[in-house]
Amino acid sequence: MNTQENKVVAFRFFERFTASDLEGALDTMADDATWWIPGKKERSPSAGLYPKDKIGRLFHRMVNALENGLKMTVVSCIAEGDHVALEVVSEGDLKNGRQYRQEYHMLLKFRDGKIVSVREYLDTQHANDVWAAPLIEQELEKARTASQGGA
């Protein structure tokens with residue numbers, strides 16, 4: 001495949017993700033593909049290197065927590081050899097009322113017309129504030145309720 005064809009597949013991934021066609025998005029990835037998200041696991045639960053099946057589960061949890069999916073827009077794209085680099089923005093409203101507005105840089109590597117690795121760079125603090133903080137707040141509220149019930 002050439003760089004132009006790789007760019008087409010990269011755009012297709014984000015188009016399908018935006019349409020909440022997660023299986024279609026995952027179909028643009030090789031079976032042995034990996035997805036890396038930056039951060040320290042103890043501070044950012046989604047940080048780490050994921051195989052395709054686990055990133056798929058993360059995508060499904062994410063989309064299920066959103067009112068109308070996650071709109072992802074490619075702002076710019078360059079390609080060289082088997083790599084495609086994209087600047088992407090996203091927006092989505094969570095069912096808990098929080099708003100997710102993210103900016104990314106994605107580096108995709110291709111093999112035989114499929115994505116084989118993704119390195120995702122994003123505002124990890126915003127992701128934590130929107131996705132992880134509500135879970136922590138729920139746990140704290142449960143603990144407060146339990147302690148008040150026992151007093």
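For the pair Glu23 and His60, the minimum side-chain heavy-atom distance is below 4.5 Å. Using a 4.5 Å heavy-atom threshold, the side chains of Glu87 and Tyr104 count as separate. At a threshold of 4.5 Å between non-hydrogen side-chain atoms, the residues Thr28 and Lys114 do not count as touching. The side-chain heavy atoms of Val88 and Val75, taken from C-beta on, include no pair separated by under 4.5 Å. Within the 4.5 Å cutoff, side-chain heavy atoms of Phe13 are placed close to those of Met29. With contacts defined as side-chain heavy-atom distances shorter than 4.5 Å, the pair Leu122/Pro38 qualifies. Annotation: side chain of His83 is in contact with side chain of Leu107 (closest heavy-atom distance under 4.5 Å). Residues Phe14 and Met106 meet the side-chain proximity criterion, which asks for heavy atoms closer than 4.5 Å.
The environment of Glu67 atom CD is dense: over 12 non-hydrogen atoms of other residues, nucleotides or ligands sit within 6.0 angstrom. For Asp53, the CG atom counts as densely surrounded, since its 6.0 Å shell holds more than 12 non-hydrogen atoms of other residues, nucleotides or ligands. Under a cut-off of 6.0 angstrom, the local environment of CG in Asp31 is sparse, with at most 12 non-hydrogen atoms contributed by other residues, nucleotides or ligands. Atom CD of Glu103 has 12 or fewer neighbouring heavy atoms from other residues, nucleotides or ligands inside a 6.0 Å radius.
Under the 4.5 Å side-chain heavy-atom criterion for grouping Ile, Leu, Val, Met, Phe, Trp and Tyr, Val63 is connected to Met72 within one hydrophobic cluster. Linking ILVMFWY side-chain heavy atoms closer than 4.5 Å, directly or via other members, places Ile78 and Val8 in two distinct hydrophobic clusters. The same ILVMFWY cluster, assembled from side-chain heavy atoms under 4.5 Å apart, contains both Leu22 and Val9.
Counted by atom type alone, Arg98 and Tyr100 present zero donor-acceptor pairs between their side chains at under 3.5 Å.
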Derivation of the side-chain contact (heavy atoms from CB on, under 4.5 Å) call for Val118 and Trp36: CA-CA 6 Å; Val118 178; Trp36 175 80; over 6 Å; no
Met62 vs Arg57, side-chain contact (heavy atoms from CB on, under 4.5 Å): CA-CA, chis, key distance, verdict: CA-CA 9 Å; Met62 199 170 130; Arg57 287 195 295 272; over 6 Å; no
Steps toward salt bridge (Lys or Arg N to Asp or Glu O under 4.0 Å) verdict (Lys71, Asp93): CA-CA 10 Å; Lys71 180 183 178 191; Asp93 298 328; over 6 Å; no
Intermediate values then yes/no, side-chain contact (heavy atoms from CB on, under 4.5 Å), Asp129 and Gln125: CA-CA 6 Å; Asp129 289 348; Gln125 185 62 52; 2.9 Å; yes
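A donor-acceptor contact shorter than 3.5 Å links the side chain of Arg101 to the backbone of Gly92. Put simply, the side chain of Lys41 gets close to the backbone of Ala47: a donor and an acceptor are under 3.5 Å apart. Of the possible polar contacts, one joining the Gln102 side chain to the Asp123 backbone as a donor-acceptor pair under 3.5 Å is found. Between the side chain of Lys52 and the main chain of Thr34, no donor-acceptor pair closer than 3.5 Å is present.
In terms of heavy atoms, Ala85 sits closest to His105 at CB-NE2, 3.8 Å. Nearest heavy-atom pair, Leu86 versus Cys77, reported as atom, atom and distance to 0.1 Å: CD2-SG, 4.0 Å. Thr3 and Ala79 make their closest contact through CB-CB, 3.8 Å (heavy atoms, listed as atom of the first residue, atom of the second, distance). Annotation for Val84 and Ala10: closest pair CG1-CB, 4.1 Å, computed over non-hydrogen atoms. Counting all heavy atoms, side chain and backbone alike, Pro45 lies closest to Tyr50 at O-OH, 3.8 Å. Of all non-hydrogen atoms in Lys95 and Leu66, the two that sit nearest each other are CE-O, 3.3 Å.
The OG1 atom of Thr124 sits 10.0 Å away from atom NZ of Lys40, with the distance rounded to the nearest 0.5 Å. Here the CZ atom belonging to Phe110 is positioned 11.5 Å from the CG atom belonging to Asn2, to the nearest 0.5 angstrom. Note that the CH2 atom of Trp35 and the CD1 atom of Ile115 stand 7.0 Å from one another [nearest 0.5 Å]. Within the model, atoms CZ of Arg12 and CG of Asp21 stand 11.5 Å from one another, a figure rounded to the nearest 0.5 Å.
Of the options Asp32, Asp82, Asn6, a side chain to side chain donor-acceptor pair (under 3.5 Å) to Arg111 is made by Asp32 and by none of the others.
Residues Phe59 and Phe17 place their aromatic rings such that the two centres sit under 6.0 Å apart.
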